[in-house]
Protein chains: 2
Amino acid sequence: MRKGEETRNRILDVAEAAVLQKGFGGTSIEELIAETGITKSGFFYHFKDKNELAKALLNRYIENDERIYDEIFSRARDLMDDPLQSFLLGLKLLSELLSDLPNGHPGCLVATVCYYERLFDHEIQDTNRNAVLAWRRRFGRMFREIMAVYSPREPVDVDQLADMVSSVLEGGIVLSKTLKEPNTLAEQVLMLRIFVKMLFLPAIESPLVAVRHDQIYGAAGGGGRL
Amino acid sequence: MRKGEETRNRILDVAEAAVLQKGFGGTSIEELIAETGITKSGFFYHFKDKNELAKALLNRYIENDERIYDEIFSRARDLMDDPLQSFLLGLKLLSELLSDLPNGHPGCLVATVCYYERLFDHEIQDTNRNAVLAWRRRFGRMFREIMAVYSPREPVDVDQLADMVSSVLEGGIVLSKTLKEPNTLAEQVLMLRIFVKMLFLPAIESPLVAVRHDQIYGAAGGGGRL
DNA sequence: CTGAAAACTGTACCGCGAGTACAGGAGGGG
DNA sequence: CCCCTCCTGTACTCGCGGTACAGTTTTCAG
């Protein structure tokens, strides 16, 4: 009962790391059992086939993912009353969390499944779809709260704006992994922060930012060639 | 000589579609030769192994990708003198091109390789890395031209800004594929356009945009809920 | 302490797909 | 005519996914 859960989780740990590096097709069961220190029969006792492993892997990943976002943005909500400031802080916290990952972000299972879809059954594809829709709902809810207080400088659709968060995260992960630059992802999150800030806040910058602006572009900000 | 190239390309066509749907590991050579109408020996005459196929596939994809960006943004450059307006037009053209794809974007091979990296040799990983760096250089060049004329409302690093384009594209593809919503990618490109527009253009909108704004949101655009 | 269920191990096997090794054949160009 | 490109055919190896099933150890409830 308890022991079984533990072994199962150990398999999932090993499998997740392998799958994010090599894809599902590139990850062999034999390799998983070797690293877990289990036999083949032991493996198939826990998962009847690879599809079931993928299912468990994806569900666990999504749950964990949701938990992290819950923590970050509820923490940001505790520190800031204003929905916009709280969201901007949340993005900053997220960016910090991402840049603290020692080897960079390992990759997103949702993207892995997305590029492997035809080999899985509909259940997995639906799970994956629902995960993305959950992100849309989560960030959409936050943007709606912001829009109850602030009006956007440009006309935007809330769902598309919410999707922008997911896009930048997924895309940032691909860039970061491909370039082998762990920081790129965190930087992209901060760029997204600038986007949200510009969209809802008037042009007058906060003193701190104004100073950095001058340092980089010169006082008047005119014609910086580089 | 000529015949060989043709067969080779036919294999690559079939392989590209398959790999984008199922990943490299999920695509069998037997399936490729069946669809191409060639024998196994014939296949291995053209590609000595799967790794070589991947290499050819990726190189062809990247070349094609570059060609498309060249066309779109040089066309936009012909129509608009101003670097910012030209870039904004380019994003619009890109968005239109993407929403015209009948079955949505088939997926990006760079992302596929990124999530499959460990199984390929260093050459492929380097090719992939260079492709992303080429995007950075391409869009970076464009943003530098823009910054020679306009100063950004917020301090931004040019490379990070250029990466934002790649992020939104890669992320948008993942979202579009996962959600099975072909339009999402095109919408995300337009969101990126809004970002660039806000970053470089003063809050006062151009007459043309103001008209469309009015049509959608009403004259003052105040307190827009949703 | 016991007994049954849970959590495995061990062995043996099937079929598929990647990849190898060659031998040979069609067709076109110099 | 011959050689080179572009294949086909056959036959094999090997790793891996998956099955089958019998037996063994561990755990925990009563």
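The chains referred to below are lettered A, B, ... by the order of the sequence lines, with proteins before strands, and numbering in each begins at 1. Predicted model only: the values in this text are computed from it and were never measured. Side chains included, hydrogens not; waters and symmetry mates left out as well; all remaining heavy atoms used.
Residue contacts for A/S28: at a heavy-atom cut-off of 4.0 Å it reaches the sugar-phosphate backbone alone, with no base atom in range.
If you check distances only, the side chain of A/K40 does reach the base of D/dG17 with a donor-acceptor pair under 3.5 Å. With hydrogens and angles ignored, a donor-acceptor pair under 3.5 angstrom links the side chain of A/S41 to the base of C/dG10.
Between the side chains of B/S167 and A/Q188, at least one donor N or O sits under 3.5 Å from an acceptor N or O.
Protein atom CD of A/E52 is 16 Å distant from nucleotide atom P of D/dG17, rounded to whole Å. To the nearest angstrom, P of C/dG15 lies 19 Å from CD1 of A/I29. Atom pair B/F44:CZ and C/dG17:P shows a separation of 13 Å (rounding to whole Å applied). The CZ atom of B/F43 sits 11 Å away from the C1' atom of C/dG19 (whole-angstrom rounding). Atom-to-atom, NE2 of B/H46 to C1' of D/dT8 comes out at 12 Å; the value is rounded to the nearest Å. Between the CD atom of B/E30 and the C1' atom of C/dG15 there is a distance of 11 Å, given to the nearest Å. Taking atom CZ on B/R8 and atom C1' on D/dC7, their separation rounds to 15 Å, with Å as the unit. Between the CZ atom of A/F47 and the P atom of D/dG17 there is a distance of 14 Å, rounded to whole Å.
Proximity of B/Y45 to the phosphate of D/dC7: no side-chain N or O atom is located under 4.0 Å from OP1 or OP2. Phosphate contact (OP1/OP2 of D/dC6, side-chain N/O of B/T7, threshold under 4.0 Å): absent.
Ring to ring, A/F24 and A/F120 are close: their centroids are under 6.0 angstrom apart. Taking the centre of each ring, B/F139 and B/F143 stay at or above the 6.0 Å mark. Taking the six-membered ring for Trp and the full ring otherwise, B/F195 and A/F195 have centroids separated by under 6.0 Å.
Of the two residues near DNA chain D, A/N51 and B/T39, the one whose nearest nucleotide lies more 5' is B/T39.
For A/K92, the NZ atom is loosely surrounded, since the number of other residues' heavy atoms within 6.0 Å does not exceed 12.
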